[in-house]
Protein chains: 2
Amino acid sequence: MPLNPDAVGFVSEPSEARWTSRDSLLYALGVGAGVTDPTGFELEFTTENSDGITQRALPTMPVVLGGGGPGPMSAIGTFDWAMLVHGEQGITLHQPVPVEGTARIVGKVAAMYDKGKAAVVVLESEAREPGGDLLWTTTMSAFIRGEGGWGGDRGPSGPRNEAPDRAPDHVVSYATRPDQALLYRLNGDRNPLHSDPTFAARAGFPKPILHGLCTYGFTGRALLHAVCGSDPARFKAIEGRFSHPVMPGDVLDVKVWVDGAEAIFQTCVGDNVVIDSGRLTFA
Amino acid sequence: MPLNPDAVGFVSEPSEARWTSRDSLLYALGVGAGVTDPTGFELEFTTENSDGITQRALPTMPVVLGGGGPGPMSAIGTFDWAMLVHGEQGITLHQPVPVEGTARIVGKVAAMYDKGKAAVVVLESEAREPGGDLLWTTTMSAFIRGEGGWGGDRGPSGPRNEAPDRAPDHVVSYATRPDQALLYRLNGDRNPLHSDPTFAARAGFPKPILHGLCTYGFTGRALLHAVCGSDPARFKAIEGRFSHPVMPGDVLDVKVWVDGAEAIFQTCVGDNVVIDSGRLTFA
């Protein structure tokens, strides 16, 4: 059954996200906070009761707080979820993510592109405080093999956020752990592709792969410390494209080229770029 | 104000403990499951949806599920909590710990011993299913410096569960991680002695120390795999005495001497015995 391109413009009913201080601590530990950074234990992200330190949430945490419920993905039609891969992910923060709180989140089908033998679906979400103030917006694109072919717009293509032809201004290296995905999955994404060797083998991988959004969280931490002086209030927006799987235990090298209030970045494992076309906007 | 030795026999009102599958996963990860064991990812303890595997709880998990509320410790009188150290801990399992559930827990002041310049308080707890069946019982002793002197019984002394004068039958080595306590504390014990370098320095430690019960959990895992065939149903009872602080990042060597359906154990960091006088009963 083909996808329904008329779903573009669909807006979901608001869903409610609730999170606690403990959820923020668990998210931070799941993306490696507490051990690998030159700032030491990153106590403002990993503890709530350290002397003279106020707990803060990492700026990439919205990706685990929900994207407006299942509505938008249902609206585009039925398809084989095994054919879907996460393409791009963006977050714009209108204020720092609260350590604990409640948000009303609305999801929207922003675009559907026809790549011929695949489809690209772009979902946006908007999260507001109970009082109505905007907290964050997210953009996520999904690449669905075996769909497309309805004669629609192919969408934008060509390079974006290209790394300059010079050495990076910063390279931050973080080792992920062999059990990284077992911890990260407690934030909500229990897809066994990230934990069960049997399931991973059926999907064609030699072992379970790391959540793309876990790599994304490590990358956000690297950018936070490298160019935002470790201050989440200076971290305004991030976007990037998942370009290669990462295995738990891999070492991530986050390469950063600063240009004014923006930074272009790539996250690499050895010679492979695993997050490409990255851009951070900061203050 | 001295302690009140008449508190012996005090029984608390029942308190209710509730725990989820996610709590059991988090506890398992907090005591190192998922990476360091020869059985690999220990998927029965670290995942709930792996192919052909049923989730199970680690047998030492009762120590994070509560000991009958604050009543028993209040009953013994007021004292300086900074002078209290965890002395011994025992758990007897009447059935395997459920992966998720509810228990009614009653705490009791079982004994108070007068060591002259210190007091030892022994607390017992009993956890039952809502239907009334016994789940587990625990025994915990606290050593409180600066108390005692009421002329009471000094209590039992002398060696107990002594390691035989021969090489251990098993030695299981587990590395703890530099950030181990940051994860373990999400199970409930947020004492900053285990996370805040400033607080730890005031307590006389060069850096935050690992929770004794985290070392205890690693030790229980080692025993489970070494002598219970990794089957929690065969793990019947454990007891041991905390004898030396452990720093996050230390490597734990669990030395086991099997004698029929019992095993004597010691947990060591290098030449220091950190859990002494250990005994496991198994089936």
Side-chain angles (χ1 to χ4, degrees), chain A residues 20-37 39-55 174-203 207-208 247-249, chain B residues 20-37 39-55 174-203 207-208 247-249:
Chain A
T20 64
S21 157
R22 187 187 190 224
D23 293 326
S24 295
L25 298 173
L26 186 62
Y27 176 74
L29 294 174
V31 299
V35 63
T36 50
D37 196 77
T39 58
F41 289 112
E42 299 178 87
L43 293 173
E44 68 271 45
F45 304 111
T46 60
T47 64
E48 77 297 342
N49 61 355
S50 293
D51 196 43
I53 292 172
T54 302
Q55 189 189 348
Y174 287 148
T176 67
R177 295 197 308 251
D179 61 337
Q180 197 73 51
L182 296 176
L183 180 56
Y184 185 80
R185 69 197 293 279
L186 297 190
N187 293 297
D189 181 352
R190 303 289 187 96
N191 185 337
L193 179 61
H194 307 298
S195 52
D196 182 358
T198 305
F199 187 96
R202 281 203 299 267
K207 58 180 185 171
M247 294 296 165
Chain B
T20 63
S21 157
R22 186 189 192 223
D23 292 326
S24 296
L25 298 173
L26 185 63
Y27 176 74
L29 294 174
V31 299
V35 63
T36 50
D37 197 77
T39 58
F41 289 112
E42 299 178 87
L43 293 174
E44 69 272 44
F45 304 110
T46 60
T47 64
E48 77 297 341
N49 61 355
S50 293
D51 196 44
I53 293 173
T54 302
Q55 189 189 347
Y174 288 148
T176 66
R177 295 195 309 250
D179 61 337
Q180 197 72 51
L182 297 176
L183 180 56
Y184 185 80
R185 69 198 293 278
L186 297 190
N187 293 297
D189 180 352
R190 304 289 187 97
N191 185 337
L193 179 62
H194 308 298
S195 52
D196 183 357
T198 305
F199 187 95
R202 280 203 298 266
K207 59 180 186 171
M247 295 295 164

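Hydrogens, waters and symmetry mates are skipped; everything else that's a heavy atom, side chains included, is used. By convention in this document, chain letters (A, B, ...) are assigned in the order of the sequence lines, proteins followed by strands, and residues within each chain are numbered from 1. Because the structure is a prediction, the values reported are computed rather than measured.
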If you take all heavy atoms of [X] and [Y], which pair is closest and at what distance?
X      : Y      : result
A/D179 : B/G34  : CB-O, 3.7 Å
B/T46  : A/R185 : O-NH1, 3.7 Å
A/S195 : B/L43  : O-CD2, 3.4 Å
B/L29  : A/L182 : CD1-O, 3.4 Å

request  = Sort B/T198 into side chain, backbone, both or neither according to what part of it lies under 4.5 angstrom from a heavy atom of chain A.
outcome  =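 Looking at B/T198, just its side chain touches chain A.
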
ask   = Can you say whether B/I53 sits under 4.5 Å from chain A via the side chain, the backbone, both, or neither, judging by heavy atoms?
value = neither

key: Residues forming a salt bridge (Lys or Arg N to Asp or Glu O under 4.0 Å) with A/D23, sequence neighbours excluded   = B/R22

request  = Measure the shortest side-chain to side-chain distance between A/D196 and B/T47 over non-hydrogen atoms and say whether it is less than 4.5 angstrom.
outcome  = no

task = Apply side chain to side chain donor-acceptor pair (under 3.5 Å) to A/Q55 and list each qualifying residue two or more places apart in sequence or on a separate chain.
result =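 With sequence neighbours excluded, A/Q55 shows a side chain to side chain donor-acceptor pair (under 3.5 Å) to A/S21, given in chain and number order.
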
